[in-house]
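See structure below.
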Amino acid sequence: MSRYEPKTIESKWQAAWDAAETFKARRDPAKPKYYVLEMFPYPSGRIHMGHVRNYTMGDVVARYKAAQGFSVLHPMGWDAFGMPAENAAMERGGHPKEWTYGNIADMRAQMKPLGLSIDWSREFATCDPEYYGQQQAMFIDMMAKGLVYRKNAVVNWDPVDMTVLANEQVIDGKGWRSNAPVVRRELTQWFFKISDYSAELLSALDGLKDWPEKVRVMQANWIGQSRGLQFAFTTTGAPEGFDRLEVYTTRPDTLLGASFAAIAADHPLAKHLERHDPAVAEFTAECRKGGTTAEAMETAEKIGMDTGIRVLHPFDNSVELPVYIANFILMDYGTGAIFGCPAHDARDFEFATKYGLPIPVVFVPEGAEEADLDEPFVPMKSERVQYIRGFAGNDLQTGEDAIAAAIAECESRGIGRGVTNYRLRDWGISRQRYWGCPIPVIHCDACGVVAEKKENLPVRLPDDVSFDIPGNPLDRHPTWRQCTCPQCGADARRETDTMDTFVDSSWYYARFTAPHATTPTIAEDADYWMNVDQYIGGIEHAILHLLYSRFFARAMHATGHLPAKAIEPFNALFTQGMVTHEIYKTTDAAGRPIYHLPEDVTTFTVGDRRVTVLGDVAPPDPDMIPDINAWMQGLNDEGALVEVIPSAKMSKSKKNVVDPMNIIEAFGADTARWFVMSDSPPERDVEWTASGAEATFKHLSRVWALCSRIGDMPADHAGEGDAEIAKATAKAVDEITRAIETFAFNKAIAALYGLTNTLAKANGSTPAMKQAIRTLAQLMCPMTPHIAESIWTYQGGAGLCATAPWPKADPALLVDDTVTLPIQINGKRRAEISVPKDMPASEVEKIALADEAVVKFLAGAPVKKIIVVPGRIINVVI
RNA sequence: GCGGGCGUGGUGGAACGGUAGACACAAGCGACUUAAAAUCGCUAGAGCCAAGCUCGUGCGGGUUCGACUCCCGCCGCCCGCACCA
C-alpha cells in the first residue's frame, strides 16, 4: 500500500459509488425506511464550514442507517429564490436566473468532493418551474380551503427601491440598501391563515419528543398563548358608532384597580378622531414615527393623549375612566385597547405616574397592609397574595385562581367572556419582488380576484426583465400581466406579488419524496418516505422555518397532498452548533480595525507567550530574544503584531474564515469531515484550528500506515493477544454504535482513536489483525468513507464498505471476566482490588477488608457499614 | 423584564449518583537524524521538589455510604423573545 493520498482515493471511490448507484433511494417495502435531511442551502456560490459540518452530520447518520439495513433517503436541493439574486442583477447586471443556476453549479461542484451519500437524482431548486408550479397548485388548493386571504396591512416601504422591507431590513428607520427613511404604508397583501392552527401548533409541540427542548420553548413563546377576559366598556362623549370599547386583559382580577383606558394609535377610534382633530392627528403621527427596532422600543418614552372620551366602569357606572391614545398599545394584539391597572403593571404604572392618574391597589403581599406604592407590585401569577379589591372573593389566593374566578364571575354577570389569545399572527407572504414564486391569481374587473386554472400552471416568471430601475419588474413588464379571466374569459391582469421564500422551504422535504412528479406529491411515495426521521440544521431556523413547515404540512394534509401522519413532518430535530475561528486584527494609523485571513498570519510560542504576527514568518529562536516584552513591543511598532480575538462565528467581514475547498485540497475531504465531527459535541460550536486539521490528517495517515503494516504481515504470523484485540474491537463497536445513535459524534471519534491506538500497539495474529482493521474501517466509514473503502478493499472486505452491514458486538466480549473495583473508605478512594466479575458481594467484602492498604487505613477502627456495588465500587464506612 | 442553557486542566472536551480529567490539541523531555521536518516513545490538574499525602469540577449550603451529576440560595457567561395588556 502506497502513501496516503486523499485526492487519489477520494475521487476514485466517489466514482465507484456513482457507478454502483450506491446512494440511490429506493422504495423497498421489505425494508424499514429512514429519511435524513439537512436544511438545504441558499446558493450563495460558495460552501462554507457550516455547510460541511451540517452535511457531514447528516451523512454520518445516513451512512450508519444504511449499514443498519434501512432504505435511506438522503437528498439535497437548493433554496434558490430570494433577494440576493436580484441584488446581484442590480449591481452587476445579468439575470437572477443565470446568477442562481451558476451558483448552484459552483456549489454542487464544491459539495461533490465531500463524498456525501446523497441521492443526487432527486436534486431540485425551488426556482425550477417544475417546483414552484406545484407550489402554485397548492396555493390554489389552499385558497379553496379558506387558508389564504387578502387584507390591508401596514408594511415598511422603501420609497427609493420601491419595495416592501422586512423588519430586519430596516436599520435605524432606513432601508438597508437605499438608506432612505422607511415609511409605513398600507398595502393589500396575501396572507396564510396560520392563526387557524395556533392552538394545534402549540399543543402538538408536546408530541415532538425528539426535538430540542429549547426549540419547543421558543416556538411556544412565539405562538404566545394567553387566557384572559374580553369585555366592552360603555363610552360617553365618543363619536357615533363608538359607544362601546372592546378591551382584552389577562388580569381581570385587577378590574377594580382600573384607572384609565388606552387605545392604539391605529385603533379605529383613534383613526376616526384624527380625521376630525389636527391635534390628534399630530399625536398619532408622533406615535407611528418611532423606530421599529427593539432598542427603539425599549427606550421609547410612554406618551399618551387624553381623548376627552370617558368609559364607565362595568361594575360601577358612576366611575368614569379617561380614554387615552397611547404609543405603547399594539393594534394587532388583543383588541388594540386596554384598561390600565397601574398598581399591578409596570407600563401602566409608568403611564399613570406621568399623567397623574390614580393608582388603586387590588392586592397586597401576604401579611402586608395596604399602602401607597412607589413601584408597581407585579407578583408571579402563581404567588399567593391578599386581595383587597377583588370582586370574586377577597381571599388570600394565587393570581391564577383569582383570574379564573374573575372570568367566571364576569361571565355570570354578563360582562365579557373568557378568551384565549395568541401572539402568532397570520403569515404575510406577499413580496413585491421579481425573484420568487408568482402568486397564481388573476384580477378581473368583473369577477374580482380569481385563482388561475391549474392547467395553466406554472405561472412562469418572464425572462425578459431588467433591474436598472427600482421596483418590481413584473409590474412594469409590457405583456406579462395581461391574461384572461379564468371565470369569464374577459381581459384581466395577473397578480404581480411573489411569495415569501419561506413558502418555498416549507414543503421541500415533502417534494423530495417525489421530486419529478406532476403533482405536488405522490401518495405512495409520501406515504413510504414521510416523515423526515432526522432533520438537521441551524438553531437560527428554530422559529420561522420550522413553524411555517409545521403549518404547511397541515395545510398539505388538509388539501390532500400529505397523509395525516405527516402533519408533524420532522420526527426528530437536531440543531448543530457553528464552526468558529479566532479573529486576527491589527489597526491602521487612524485606529480603524483591519482583519486578516488565518492563512495570512503565523502563530508561534515564545516562552509561555503565544505570539501571532503578520505574514509567513519562521518562528524565532527563543534564545535570541533576551527581553520578550521589548521584542513584542518592537513587533507592535512595526505593525506586525496581531491581536487575537477569541473564536467567533466565521464571517467574511471579520475574515476569520477557512474555505472548505482549501482544506480538501490540502488534506482531503476525510480530514475535513473528521475534524468538524471531533472534539466538540455537535450541538455546540466547534473551533476550527489549523493545528487541529493538520493533526487529523496525521491521524488518518497513521491509520493508513497501520493498514499498510497489517497488509505486509506474513499470513502465518501467530503473534499474541488475539483475545484482547477481539475484546477491544467489540467494545469499540458497542461504544461507537451507541455514540452515533445519540448524536455524540465526538465520543464516537474518541473511541475510534482508542481502537486505533490499541491496534497500533497490538501484535496479534494476521487474521485477527485483519479482522480488527476491517471492523475499524467499517466504524470509520460514516465519518471518513473514502479511507474506509480503501482499507476495506485492501484487507479483503467484500464489496463496498458503504454497503457492508454494520458490525455487531458479541455481548460475551463486552464483559470482562475480572473487574477492578476501587475501594473507598468514607467516600475516598484508598485502594483497588481485582475480582472475578460474578463473585458474590459477601466474598468481595471479605477480600476488600483483607486488603493490605485497607487494613492500614482502618487501623483497627470498627467498620460501621460496607457497601458493595457489584462491578462498580466498594465503600467502607468507619 | 420573561424564557432557555452553560460554568470541569494551558485549550476543546469525557465521566448510568460510584476510581474526575477518557480522547484530542497545545507543551515538555527522550530516541532516530550531521541538522531540521516527519515518525516513534515517555511526562503532564495543583501543591508539598520523591514513596505518599493534601487540595481540587464558579461560590455557599443541603441530601447521600458516596455529588461534576440531585435539591436550595448566590455569582458569572451565552442564546432566544421582548411595550403581547
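Heavy-atom basis, side chains included; hydrogens, waters and symmetry copies ignored. Letters A, B, ... are given to chains in the order of the sequence lines, protein chains preceding strands, and every chain is numbered from 1. Quantities reported herein were computed from a predicted structural model and do not represent experimental measurements.
- Relative to the side chain of Tyr333(A), the nucleotides A26(B), C84(B), U19(B) differ in distance, and C84(B) lies closest.
- Spacing between atom CZ of Arg702(A) and atom C1' of A38(B) amounts to 12 Å, rounded to whole angstrom units.
- Using a 4.0 Å heavy-atom criterion, one finds that Phe857(A) contacts the sugar-phosphate atoms exclusively.
- For Tyr753(A) and A24(B), the shortest distance from a side-chain N or O to OP1 or OP2 is not below 4.0 Å.
- Nucleotide U33(B) forms no Watson-Crick or G-U wobble pair with any nucleotide shown, as no partner meets the under 3.5 Å limit on both distances.
- No contact: Glu687(A) has no heavy atom under 4.0 Å from any strand.
- The gap from the P atom of A24(B) to that of A15(B) amounts to 16 Å, rounded to the nearest Å.
- With hydrogens and angles disregarded, no donor-acceptor distance shorter than 3.5 Å links the side chain of Arg423(A) to the backbone of Tyr333(A).
- Annotation: side chain of Asp670(A) is in contact with side chain of Arg673(A) (closest heavy-atom distance under 4.5 Å).
- Side-chain proximity of Asn875(A) to the nucleotides U19(B), G18(B), A14(B) is greatest for G18(B).
- When the nucleotides C65(B), U19(B), A24(B) are ranked by their closest atom to the side chain of Ile867(A), C65(B) comes out on top.
- As rounded to the nearest Å, C70(B) and A31(B) have P atoms that lie 49 Å from one another.
- Backbone-only engagement by Lys698(A) is indicated by non-hydrogen atom pairs under 4.0 Å involving sugar-phosphate atoms exclusively.
- For the contact set between residues 728-748 of chain A and RNA chain B, defined by any heavy atom under 4.0 Å, the members are Asn746(A), Lys747(A).
- Remark: side-chain polar atoms of His344(A) are paired, donor with acceptor, to backbone N or O of Val362(A) under 3.5 angstrom.
- Across all strands shown, G21(B) forms no Watson-Crick or G-U wobble pair with both key distances under 3.5 Å.
- The distance from atom NE2 of His581(A) to atom P of G12(B) is 15 Å, rounded to the nearest whole Å.
- Among the heavy atoms of the strands, none lies under 4.0 Å from Ile823(A).
- Geometrically, Lys302(A) does not engage Phe351(A) in a cation-pi contact, judged by NZ or CZ lying under 6.0 Å from the ring centre and within 45° of the ring axis.
- Val217(A) comes within contact range of the sugar-phosphate backbone alone, with a heavy-atom separation under 4.0 Å but no base atom that close.
- Nucleotides U8(B) and C68(B) have their C1' atoms positioned 7 Å apart, rounded to a whole Å.
- You'll find a donor-acceptor pair under 3.5 Å spanning the side chain of Lys302(A) and the base of C83(B), going by distance alone.
- Remark: P of G4(B) and CZ of Arg684(A) are 19 Å apart, rounded to the nearest angstrom.
- Note that the CE atom of Met305(A) and the CD1 atom of Ile325(A) stand 6.5 Å from one another [nearest 0.5 Å].
- With RNA chain B read from its 5' end, the first of the two nearest nucleotides for Pro822(A) and Phe339(A) is the one closest to Pro822(A).
- Under the 3.5 Å distance criterion, the side-chain polar atoms of Asn421(A) are left unmatched by any main-chain donor or acceptor of Ser226(A).
- Listed nucleotides: C84(B), G18(B), C55(B). Nearest to the side chain of Lys828(A): C55(B).
- Partner assigned to G3(B) is C79(B), using Watson-Crick or G-U wobble distances below 3.5 angstrom.
- Pair check for C70(B) finds G62(B); Watson-Crick or G-U wobble, both atom distances under 3.5 Å.
- Ranking C25(B), A85(B), G41(B) by closeness to the Ala695(A) side chain, first place goes to C25(B).
- Side chain of Lys209(A) to main chain of Asp206(A): a donor-acceptor pair is present (N/O by atom type, distance under 3.5 Å, no hydrogens or angles).
- With both pairing distances under 3.5 Å, A27(B) is matched to U43(B) as a Watson-Crick or G-U wobble pair.
- Looking at the side chain of Asn757(A), the nearest of the listed nucleotides A24(B), A85(B), U39(B) is A24(B).
- The NZ-C1' distance, from Lys354(A) to C83(B), rounds to 14 Å in whole Å.
- Considering only the side chain of Phe328(A), C83(B) comes nearest among C83(B), A14(B), C65(B).
- Across all strands shown, A51(B) remains unpaired; no Watson-Crick or G-U wobble contact has both distances below 3.5 Å.
- The side chain of Met218(A) approaches G80(B) more closely than any other nucleotide in the set G80(B), U19(B), A85(B).
- Electrostatic pairing of Asp851(A) and Arg830(A) does not count as a salt bridge here, judged by no charged N lying under 4.0 Å from a carboxylate O.
- Counting only heavy atoms from C-beta on, Arg872(A) has its side chain closest to C16(B) among G80(B), C16(B), A85(B).
- When rounded to the nearest whole Å, the span between CG of Leu546(A) and P of G80(B) equals 15 Å.
- Within the nucleic acid shown, Thr250(A) comes within 4.0 Å of sugar-phosphate atoms alone, with no base atom in reach, counting heavy atoms only.
- For Arg347(A), a side-chain nitrogen or oxygen approaches OP1 or OP2 of C84(B) to under 4.0 Å.
- In terms of modelled atom types and a separation under 3.5 Å, the side chain of Asp253(A) and the main chain of Ala406(A) share no donor-acceptor contact.
- Of all nucleotides listed (C23(B), C25(B), G12(B)), G12(B) comes nearest to the side chain of Asp679(A).
- Map Ile543(A) and Gly754(A) each onto its nearest nucleotide of RNA chain B; the residue landing nearer the 5' end is Gly754(A).
- Between the P atom of G52(B) and the NZ atom of Lys856(A) lies a distance of 8 Å, rounded to the nearest Å.
- Under the 30°/60° scheme for interplanar angles, the aromatic rings of Phe574(A) and Phe743(A) are found to lie parallel.
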